[in-house]
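Here is the structure we will look at.
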Amino acid sequence: MQIPWISTPIRSVLAIWHQFIKNEIPELSKCSVLMRDRARVEETIYSMKRTGPSGLQVISDFDMTLTRFSYKGQRVPTTHNILDNRLLIDEDCEKKIKRLLNTYYPIEIDAQLSPEQKQPLMVEWWSKVHELLIEQKIRKNMLERVVRESGSRLREGYREFFDLLSELQVPLLIFSAGIGDVLEEVIRQNNVFHPNVNVISNYMDFDAAGVLQAFKGQLIHTFNKREGALLHGARLRGRPNVLLLGDSLGDLNMADGLSNTEHILTIGFLNDQVEERKESYVKSFDIVLVKDETLEIPNVILKNILKPQVRWSKRL
Ligand SMILES: Nc1ccn([C@@H]2O[C@H](COP(=O)(O)O)[C@@H](O)[C@H]2O)c(=O)n1
Ligand SMILES: [Mg+2]
């Protein structure tokens, strides 16, 4: 890029610096990685690196962001879908929930509809499913087994992601429109529910006998995360730099409860309806990962920000 008012020596220094940080993360050159403005991404990473671990927090969506979208040709269940087990729900309920999924999921990912148009329909979907789950009198003591029997799968590289953040005491806020109790059980069973992890989600309310009687608090769906972020603002840490991960445009609002941010780098997983949604994702997220079932890119970025000394010692 030519900036006319910058003198030639400064331009040369900038060019060398740009080339230098470009080589720092060669993984960003993969064809599955799309960026509207690569130089801005690299500059943001560089600025975050200068502040280091003490200035960073990570805010991440859960379903289809920290979990895989598919595995061996099969869709990986979301926290809602994990409850689709005969230990918890009967056949009739299963059919009704599947019908609702087939009706509303295409609306959730429809590139032609705005978030405002989707919002009331998402409330309808979530409310109907939660009502059905309450009718089934789901028992709390069955959740552990149901999660164990489910095909739930965190993305490749999840252990490195969770362990690195824990090791360097970087807060990880998981902000999910899924079901919090199920989400917690998934990360517990994968041994990554570390003390730096905080979860905002839809939690089940069990009666004294451990039977589901309601859902707690205000409903969180994919397109009202801004309201959730404002409501739970105090639970977001006062760190100036944010790495935000999501798979829906609605996830971009997860950091809206924060004040005094300096740099926010957003990474979007584009799992489904790729061609239809590519343009809007590239416009909205800083980095878009197309049909990438791994956490490789978030991990290399985190390592770059958090462990500059490792990179240097490897080079010497
Ligand atoms: N009955 C439902 C409702 C929603 N979903 C999916 O869950 C995802 C929400 O969780 P996040 O962690 O991604 O916020 C959302 O994308 C829905 O597709 C579902 O499977 N069943
Ligand atoms: Mg998601």
Side-chain angles (χ1 to χ4, degrees), residues 48 52-68 76-80 82 140 143-144 146-148 150 152-204 215-217 220 222 225 228-248 250-258 261 264-269 294-303 305-307:
M48 289 177 159
S54 64
L56 183 70
Q57 62 176 314
V58 178
I59 303 180
S60 180
D61 169 59
F62 189 70
D63 287 312
M64 295 178 268
T65 293
L66 292 180
T67 59
R68 292 180 64 118
V76 167
T78 61
T79 47
H80 277 93
I82 285 174
K140 186 179 168 69
L143 291 184
E144 194 250 282
V146 162
V147 169
R148 208 170 287 289
S150 75
S152 164
R153 277 191 96 86
L154 294 168
R155 284 185 191 264
E156 264 38 66
Y158 76 89
R159 189 165 298 287
E160 186 175 21
F161 175 83
F162 280 90
D163 289 355
L164 178 64
L165 295 177
S166 165
E167 185 194 322
L168 293 166
Q169 295 173 16
V170 174
L172 166 61
L173 176 73
I174 302 179
F175 194 156
S176 171
I179 299 180
D181 312 72
V182 178
L183 184 168
E184 287 194 9
E185 193 54 38
V186 172
I187 55 176
R188 195 174 295 118
Q189 289 185 15
N190 283 283
N191 300 314
V192 288
F193 198 174
H194 300 315
N196 64 318
V197 178
N198 204 342
V199 180
I200 296 176
S201 189
N202 299 302
Y203 278 91
M204 293 170 153
F215 277 81
K216 294 179 187 166
I220 304 172
T222 332
K225 288 194 175 181
L230 295 172
L231 195 69
H232 296 280
R235 291 173 67 189
L236 304 169
R237 311 290 172 91
R239 294 188 170 204
N241 297 330
V242 181
L243 181 69
L244 182 149
L245 312 180
D247 74 295
S248 161
D251 294 330
L252 285 160
N253 296 116
M254 294 187 299
D256 287 2
L258 285 175
T261 47
I264 303 189
L265 186 70
T266 59
I267 303 182
F269 288 90
T294 77
L295 286 169
E296 181 196 12
I297 298 296
N299 283 344
V300 289
I301 290 174
L302 281 172
K303 280 188 275 181
I305 295 171
L306 299 172
K307 289 193 160 178

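The pair R188-E144 fails the salt-bridge criterion, with no side-chain N (NZ, NE, NH1 or NH2) lying under 4.0 Å from an Asp/Glu carboxylate O. Salt bridge absent: E185 and K140 never bring a charged side-chain N and a carboxylate O closer than 4.0 Å. Using a cut-off of 4.0 Å between Lys/Arg side-chain N and Asp/Glu carboxylate O, E296 and R155 are scored as not salt-bridged.
Side-chain atoms of Y158 and N190 form a donor-acceptor pair, as typed in the model, at a separation below 3.5 Å. Side-chain contact, H194 with D163: a donor N or O sits under 3.5 Å from an acceptor N or O.
Counting heavy atoms from C-beta on, the side chains of N196 and P171 never come closer than 4.5 Å. At least one side-chain heavy atom of N191 sits under 4.5 Å from a side-chain heavy atom of R159. The shortest distance between side-chain heavy atoms of L306 and L164 falls below 4.5 Å. Within the 4.5 Å cutoff, the side chain of F62 has heavy atoms near those of the V186 side chain. Considering only heavy atoms from C-beta on, M64 stays 4.5 Å or farther from F269 through its side chain.
Partner of S176 under the side chain to side chain contact (heavy atoms under 4.5 Å, CB included) criterion, out of D63, I220, N202, D251: D63 alone. A side chain to side chain contact (heavy atoms under 4.5 Å, CB included) with I59 is found for one member of I174, L258, L243 and no other, namely L258.
Residues passing the salt bridge (Lys or Arg N to Asp or Glu O under 4.0 Å) test with R153, sequence neighbours excluded: none.
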